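Let me begin by presenting the structure, written as structure tokens, before commenting on it.
Every chain is numbered from 1 and lettered A, B, ... according to where its sequence line falls, protein lines coming before strand lines. Only a predicted model underlies this, so the values are computations on that prediction, with no experimental measurement involved.
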Protein chains: 2
Amino acid sequence: MTTIKDKAAVVGIGHTAFSRRSDRSELAMAAEASMAAITDAGLTPEDIDGIVHLNMDTVNEVALQNALGIPNLRYFPVFAWANLCGAVANAAMAVATGMAANVLLFRSMNGRSQRRLGVARQVELSGGDDAFSFPFGLLTPALCDAIIARRHMHLYGTTSRQLGAVAVACRKHANMNPRAIMHGRPMTIEDHQASRTIADPLRLLDCCLESDGAGAIVITSAERAAGLPQPPAYVMAAAAGTGPRQGVHKPYASAAMAEFPETTFVAKQLFGQAGVTPGEIDVAQIYEHFTIAVIIALEDLGFCSKGEGGPFVEGGRIEIGGSLPVNTSGGNLSEVYIHGITHIIEGVRQIRGTSTAQVPNAELSFVAGPNFIPTGALIFRK
Amino acid sequence: MTTIKDKAAVVGIGHTAFSRRSDRSELAMAAEASMAAITDAGLTPEDIDGIVHLNMDTVNEVALQNALGIPNLRYFPVFAWANLCGAVANAAMAVATGMAANVLLFRSMNGRSQRRLGVARQVELSGGDDAFSFPFGLLTPALCDAIIARRHMHLYGTTSRQLGAVAVACRKHANMNPRAIMHGRPMTIEDHQASRTIADPLRLLDCCLESDGAGAIVITSAERAAGLPQPPAYVMAAAAGTGPRQGVHKPYASAAMAEFPETTFVAKQLFGQAGVTPGEIDVAQIYEHFTIAVIIALEDLGFCSKGEGGPFVEGGRIEIGGSLPVNTSGGNLSEVYIHGITHIIEGVRQIRGTSTAQVPNAELSFVAGPNFIPTGALIFRK
């Protein structure tokens, strides 16, 4: 059986400036980020024959194709649930089977100035399930994730200060990254503890940014990657998954209400495919709409045992210099929130050795997508 | 290089009843069609680990997973532009690379009772391009396709009676198919000529049905297919594509205004991948939102020369018994219009030998998706 292992590589990365108000269209930002990624890869728009993106993007592949002057596309699936790692897995299949040569993946959103995802009226219906939760007040991701945070605290003794340790780590890395929205704004655990409650026990500094920006990457085959200017970030493994009785930000969808069954399922496939263990990972980008997501994901991905995510994030372990630096560009909490495209870009930088919070000699760079929703993850290798 | 050629097969097909008013939800119909396809394949929901569908479907993969009791999904991209053949190509990649074992593809729509796609107010924006056409009256697919029909008549002498020959062929096949909405309603070329104008030169009987229904197929690897009850319809080739300066039902997007550049591009890939020529195809299902689409697609797919599509469809050539029977279940014009999932199902039946308008000993069964929009096509072999 052919697999995708080591068959594809990210050879180009690009992004716009990150802000709270771009004053630009999402199409203009998508085109800028895409051209930056294509140029970084040493390619031109004529070389691109695949575009993948999220189905919630307002920019479609035809609009972007025409804006960039790409002659033809032959590969253009879209992805639900902000599953950008699943999109990379799919693009890896396409280049591994010759169905596309060079694939552009982008995400562009004016998430603050145009469409605020955290506002209740803009939460999307998810196939009927919301009929059983919206009337009872589970209107936004924060309100739903607060329940699993409280449950995790109840079951395992997780504390608000442990949630804060995730926020502090992200902010520390953002302060090393001049592109980050929160660059130049240091934050302590006391700042976290003093921030106002959004959805108890989640505080303001537990929540991701609302921001404007776009990012893009170029994926090609391992063979072509060898002839391009940048050091390839090989896709060692990539996987997507849903859990049993999958919910979409629905705490009642899993029995324990303090775990992500879809994440456990993805981790099993991913590490099986790669043939490595979580302990061998050098650096990780873990999607955080809220701090609690990192703590639970670290458990369900296998980086620590169930219930030990709280202690795991303490003592600088997930900060640069710790045993598993997490979200080294500042993450969704402190760099920018554009659905994790920046986590993938930062995962590539760690392989190239160009991060502003570089892990020395990083060989295996891990990226996980959103949890509490159908998800995906990937491992880049040098 | 690994390719997808002959690596995947359709092993299950299923659908609901077809009507003008289902009185059922699109989720209920999707579940019924899916269970029928899974059962036909000799499988159970536990065997399914991938679901693919169109991004315009109101039913998402999580809702369907939960409705069917599927434990986990590991593959679930979605597809724009009604590109179901592109979805089959993608699913073939997934089974060829081991990223999924058994993939369910469905389409469910209450296209008459719930959401009428041909109504101007419901035409979707397509990335900004509509700003240059909507104000000038190009509000529906019929209004746009009428322009290319008239242009094709001007350039090549195509006649309204030739358009009618497509409608008559589809209706003839529908009258052999008890499931077809137009079964029991014979139609002559004079009926076509007497039908009222919808968008000159397109008449009522040049237009596809508005209808309710759902269909589904199950795709698996060639290895697994060999052990399942139904004769496999192997995916010999499948491809997707956009043309230069791709439009979405925009007549001005191609210079000649009487051709589908995306279709020419797809055909080149498809027949190259398969290693066969259009002349070797035994039977074809060609997506027809309007009769003119079949005439132009036959040209741009290579079944006849440019400009000869009109004469090609005359004299019973595309009817059962002719040299290239087209839309043998009645097509979008006379069986049901659910975005061409029924074309794929009928393409499989021709390989199994179970069509109600069966082409004797059909070995190569061709299916093409919508044109005048990003498109796809595939070839099934016995």
Side-chain angles (χ1 to χ4, degrees), chain A residues 1-4 7 25 27 52 55 58-67 70-81 83 86-87 89-90 92-94 96-99 125-129 221 223 238-248 253 261-262 265-266 269 273 373-374, chain B residues 1-4 7 25 27 52 55 58-67 70-81 83 86-87 89-90 92-94 96-99 125-129 221 223 238-248 253 261-262 265-266 269 273 373-374:
Chain A
M1 169 68 78
T2 304
T3 72
I4 63 166
K7 296 280 173 60
S25 73
L27 175 58
V52 296
N55 65 348
T58 62
V59 178
N60 69 48
E61 59 276 20
V62 168
L64 187 59
Q65 174 194 345
N66 292 337
I70 294 170
N72 298 94
L73 297 176
R74 55 194 181 115
Y75 167 74
F76 43 91
V78 291
F79 294 84
W81 318 116
N83 184 19
N90 202 284
M93 294 177 210
T97 56
M99 297 296 278
L125 291 174
S126 60
D129 205 26
S221 68
E223 292 78 18
T242 69
R245 205 170 152 233
Q246 177 71 51
V248 177
E262 61 280 2
F265 179 71
V266 164
Q269 293 176 75
Q273 196 185 111
I373 191 172
Chain B
M1 171 65 81
T2 303
T3 73
I4 63 167
K7 297 279 173 61
S25 73
L27 176 57
V52 296
N55 66 347
T58 63
V59 179
N60 69 49
E61 57 276 21
V62 168
L64 188 59
Q65 174 194 344
N66 292 337
I70 294 170
N72 298 95
L73 297 175
R74 55 192 182 116
Y75 167 74
F76 43 90
V78 291
F79 293 85
W81 318 116
N83 184 18
N90 202 285
M93 293 177 211
T97 55
M99 297 296 278
L125 289 174
S126 60
D129 205 28
S221 68
E223 292 77 21
T242 69
R245 206 171 151 231
Q246 178 71 50
V248 177
E262 62 279 3
F265 179 71
V266 165
Q269 294 175 76
Q273 197 184 110
I373 193 172

Search all heavy atoms of [X] against all heavy atoms of [Y] and return the closest pair with its distance.
X	Y	answer
B:Asn66	A:Gln246	ND2-O, 2.9 Å
A:Gln65	B:Pro244	NE2-CA, 4.4 Å
B:Gly241	A:Phe76	N-CE2, 3.6 Å
A:Met99	B:Ala238	CE-O, 3.1 Å
A:Ala80	B:Glu61	CB-OE2, 3.8 Å
B:Gly243	A:Asn72	CA-ND2, 3.5 Å

ask   = Are the side chain of B:Thr242 and the backbone of A:Leu73 linked by a donor-acceptor contact shorter than 3.5 Å?
value =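 Yes.
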
Chain A interface, residue from B:Pro261, B:Ala240, B:Gly247 that has the most non-hydrogen pairs under 4.5 Å: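 Most heavy-atom pairs under 4.5 Å with chain A: B:Ala240.
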
Tell me, side chain or backbone of B:Gln273 under 4.5 Å from chain A's heavy atoms, or both, or neither?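 B:Gln273 touches chain A through side-chain heavy atoms alone.
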
Item to complete: Side chain from CB out, backbone as N, CA, C, O: work out which of these in B:Phe265 comes under 4.5 Å of a heavy atom of chain A, or both, or neither.
Response: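 Just its side chain gets close to chain A.
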
Atom group of [X] that falls short of 4.5 Å from chain B, counting heavy atoms:
X	answer
A:Ala94	both
A:Pro77	both
A:Phe79	both

